[in-house]
Each structure stands twice: as C-alpha cells, then as structure tokens.
Amino acid sequence: MEQKILEIKDNALKEIEKASDMKSLEEVKNKYLSRASELNNLKKGLKDIPAELRPKIGALTNQVSKEIEALVNEKQEEFYTIELNKKLESEKIDITLPSTYEPSGHIHPLTKTINEITEIFELLGFSLIENKYSPEVETVKYNFDLLNTPKEHPARDVQDTFYSKLGENVVLRSQTSNAQVRQMQNSRPPIKIISPGRVYRSESVSARKNNLFHQIEGLYVDKNVTFSDLKGVLNEFIRLYFGSYRPTRFRNSFFPFTEPSAEVDVQCIMCEGKGCPTCSGTGWLEILGSGMVDPNVLRAVDIDPEVYSGFAFGMGVERLTMLKYAIDDIRLFFNDDIRFLHQF
Ligand code: DAH
C-alpha cells in the first residue's frame, strides 16, 4: 500500500513538472487531488486495513496530498507570473517616445483687448483703420507739428521720444494720434474711425511702464459734434468694456491737439471707489485722454472749423487690460511666458 502511494506521488510530480500551461496543470490537479482521485479513494478505504497500519498510511496519504498541492500551487504561481509579464510586455507604454500633442496657438491678451474694444466702437458706428494711415516710423511733422504741438513741448524731448538716426525728423511714433492727421488728410468728414497700434517712448522700464506699448486712437469729425457726444460715446464704451455700468469722471486736462481736453477716470475696479493701492487711495483710475479737436488741427488739414467740429480720444491697451484682469506688471505682456498668456 505504501508502495502504491509513493508511486502515485511520483507520477503526480512528473505530470506536474510536464504541465506546460494553466490548463494542463488544472487537469493534473483534478486527477490527483479531486474527490474522485486515487489518493482520495485510498483515504476512504483506510477503514478496511488493519488498525495498526492506519495511522502510518493515513499520515502518508495526507503528506503526499500536501506535497502535490504545494507543487501545483508553486507551478500555478509560475504560470501566473509568465502570463502577467506577457501582458505587461504587450501593453507597455514607452514614455520616452516623442508625444503627439501639438500645442495650439493662442490669442495674445493685448490682441484680445484690441479686438474687444474695436468691436465696441464698431457697434457705436466707428470704422477700424489699421496701419494704412499711421506708420510706426513717423515724421516729426505727423507725430507733433500737425498735432499743434509747440516746438518747446516736453514730449518732443529725446528723453521721451525715440529719434531715428535716419534724420532728426524721423521718430518712432510716441502716440497713435498721427492716425488722426493722416486720416483727415486722406478723407473728408464725416470721419468716424478708430486706429489701434504700437507706440514707443524713451523711458525706463518698470512694472508700470514699457518702451513699447499699444494705444487705440479714436476720431469723430462731422457737423455739430459736441462735447456731450464725446461723453456719451466714452461712457457707453466704458460700460461695455467693463461689462456693467461704472461711474466715470471727466477731468479737465491739456493736450496740444484738443481744446477743451479731458482725462477720463473710471471708478476703481479693485476697491469700488473706497481707495486702495491700485488707485493710490483716490478711488479713481485714469483710463484715457480725450477732447474736442483743436481748430488749429482741423485747419492744418484743410477742414473748416467753422463748419466742422470733432472729438478725439486715445487709450492705452496695456492699462485697460491690466485693469480688467488685475495684472500688476506690464512686462508680463512681453515676456512670452505661456503660463501667463494661456490664462486669457
Ligand atoms: N495721444 C495722447 C497720449 O498719448 C492721448 C490722447 C489724448 C489722444 C487726447 C487723443 C486725445 O486723441 O484727444 O497721451
């Protein structure tokens, strides 16, 4: 009997060793360990053998069952690992492969503001005039003279304006107001235009100032244009740009090309007029310059100031963008940091 059990064990171990996959192993397991297996039958027949042999034979069958089971488990583990590795291999992701993600372009926040402001003025009847009549490399005549700017005006100083080596009459324009003059030379009233573009100033760069920035110029010339038209248009612009009504203040000011002139303040966006660091405690933020076109400017382009009148305005694009989005450093617009640019 002992012999028989050891024979079963030998066969089982051999067959387990031979099993080539989970399925054949399962068959071997069934054959040797199921209820109907030879070993189990031997266990059942223990009661028929002499009592003194029973403990020894019983222990032996149990031990053989355990050995077979242990080996089956070991082999199963092996197959499982092999299968898992195969699966991992076939599903492997190579993270060193170049990615197929292509970042898409993004509209620059300043372009976005220019587009928004342009749309608002188009709603109010203005037409967009781009660089056609307002070059960035400009003559002193268009940047200053025809804008009624006195010869000794400080804005003409090299401290403020970039003069070109091409000649002392050539400058990088310091304001988009040159567009007014050029437009009026090239067309007759009614004129109702806006003209966005870059301007340059010779000053030291800081969180608030850059050598290069953007302005949007506006001009409306027709019969009977009054200061109340100016106020109406600019108040409406401010309401549409900031998204809701905001108190404004038209403050007496001076520009050589407008008379009277007004700087327009809007109630501080940050503190709602209470006073905070952004508005230097005043509760107001200056956002643009404006005024009634000076008769001298009209005369210089052969428009009769007795027949026609007009208003003009100029606003800084960076400033308006910074106020709307609470941006505290103008240099961010020019640093090409996509983490900043992608927020808009
Ligand atoms: N050109 C002025 C500047 O750069 C802004 C300005 C003020 C433009 C009054 C205008 C205006 O058209 O009427 O500071």
Side-chain angles (χ1 to χ4, degrees), residues 114 117-118 121 124 126 128-129 133-136 138 140-150 153-157 159-162 171-185 191-203 208-222 225-235 237-238 248-266 285-298 300-301 303 305 308-320 330:
I114 291 173
I117 294 177
T118 301
F121 280 105
L124 299 173
F126 288 74
L128 172 68
I129 298 293
Y133 296 137
S134 59
E136 286 175 32
E138 185 54 287
V140 165
K141 181 177 159 194
Y142 285 96
N143 197 74
F144 294 123
D145 298 345
L146 291 171
L147 285 162
N148 198 38
T149 312
H153 195 280
R156 290 180 180 252
D157 203 280
Q159 307 263 315
D160 282 296
T161 300
F162 285 115
V171 295
L172 290 179
R173 68 168 170 189
S174 61
Q175 50 188 358
T176 44
S177 303
N178 65 333
Q180 290 186 33
V181 184
R182 290 187 173 272
Q183 181 66 29
M184 288 192 284
Q185 275 188 341
I191 294 169
K192 204 173 180 187
I193 56 108
I194 56 159
S195 183
R198 292 176 176 185
V199 300
Y200 302 84
R201 302 248 173 113
S202 173
E203 51 199 351
R208 293 168 59 94
K209 287 182 172 170
N210 200 45
N211 293 140
L212 152 72
F213 59 101
H214 297 73
Q215 286 186 333
I216 297 181
E217 193 77 11
L219 175 70
Y220 178 26
V221 181
D222 201 352
V225 176
T226 66
F227 196 87
S228 73
D229 293 322
L230 177 156
K231 280 187 88 168
V233 163
L234 294 179
N235 275 333
F237 158 69
I238 288 163
T248 52
R249 186 168 79 167
F250 287 69
R251 205 165 18 80
N252 188 29
S253 182
F254 175 80
F255 298 102
F257 34 90
T258 46
E259 182 56 37
S261 303
E263 280 175 294
V264 181
D265 299 340
V266 64
L285 297 163
E286 184 213 313
I287 59 163
L288 57 87
S290 66
M292 300 306 290
V293 181
D294 193 293
N296 286 339
V297 174
L298 294 176
V301 289
I303 293 176
Y308 294 103
S309 56
F311 68 75
F313 56 87
M315 58 186 83
V317 176
E318 282 76 359
R319 183 160 170 78
L320 281 163
I330 194 171

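Counting convention: from 1, in listed order, for ligands and their atoms alike. Remember, it's a predicted structure, so these values are computed and weren't measured experimentally.
- Of all the heavy atoms of A312, the ones lying under 4.0 Å from any atom of ligand 1 are found in both the backbone and the side chain.
- Taking a 4.0 Å cut-off on heavy atoms, F311 fails to register as neighbouring ligand 1.
- Close contacts between ligand 1 and S177 involve ligand atoms 1 (N), 8 (C) [criterion: under 4.0 Å to a heavy atom].
- Every atom of ligand 1 with a heavy atom of F313 under 4.0 Å away is listed here by number and element: 8 (C), 10 (C), 11 (C), 12 (O), 13 (O).
- Of all protein heavy atoms, the one closest to atom 2 (C) of ligand 1 is Q175 OE1, 3.7 Å.
- Nearest non-hydrogen protein atom to atom 11 (C) of ligand 1 is F257 CE1, 3.5 Å.
- Taking a cut-off of under 4.0 Å to the non-hydrogen atoms of F255, the atoms of ligand 1 that pass are 7 (C), 9 (C).
- Remark: the backbone N or O of T226 is paired with a side-chain donor or acceptor of D229 at under 3.5 angstrom.
- Within the 3.5 Å criterion, the main-chain N or O of E263 finds no donor-acceptor partner in the side chain of S253.
- Proximity of a side-chain donor or acceptor of S174 to a complementary backbone N or O of R201 within less than 3.5 Å is not detected.
- Seen from the ring of Y142, R173 does not count as a face-on cation partner, given the 6.0 Å and 45° thresholds.
- Side-chain atoms of E217 never come within 3.5 Å of backbone atoms of I194 as a donor-acceptor pair (strictly under, hydrogens ignored).
- For the ligand labelled ligand 1, residue M315 lies outside the 4.0 Å heavy-atom shell.
- Residues R251 and D265 are paired through a salt bridge, judged by an N-O separation under 4.0 Å between the basic side chain and the carboxylate.
- Looking at ligand 1, you won't find any N or O of G289 less than 3.5 Å from one of its N or O atoms.
- The aromatic rings of F311 and F126 sit tilted relative to each other, their planes meeting at an angle between 30° and 60°.
- Looking only at distances, no side-chain donor or acceptor of N296 sits under 3.5 Å from a matching main-chain atom of F257.
- Close approach of ligand 1 to T258 is summarised as follows: ligand atoms under 4.0 Å from at least one heavy atom of the residue are 13 (O).
- Near G291, meaning under 4.0 Å from any of its heavy atoms, are these atoms of ligand 1: 13 (O).
- When hydrogens are left out, the protein atom nearest atom 8 (C) of ligand 1 is G314 N, 3.4 Å; that is the closest non-hydrogen contact.
- Looking only at distances, a side-chain donor or acceptor of T149 sits under 3.5 Å from a matching main-chain atom of F144.
- Listed by number with element, the atoms of ligand 1 under 4.0 angstrom from any heavy atom of Q215 are 3 (C), 4 (O).
- Of all the listed residues (E217, R201, R173), R201 holds the heavy atom that lies closest to atom 14 (O) of ligand 1.
- Not a single heavy atom of E263 lies less than 4.0 angstrom from ligand 1.
- In summary, the side chains of E138 and N143 do not present any donor paired with an acceptor at a separation below 3.5 Å, with no hydrogens or angles considered.
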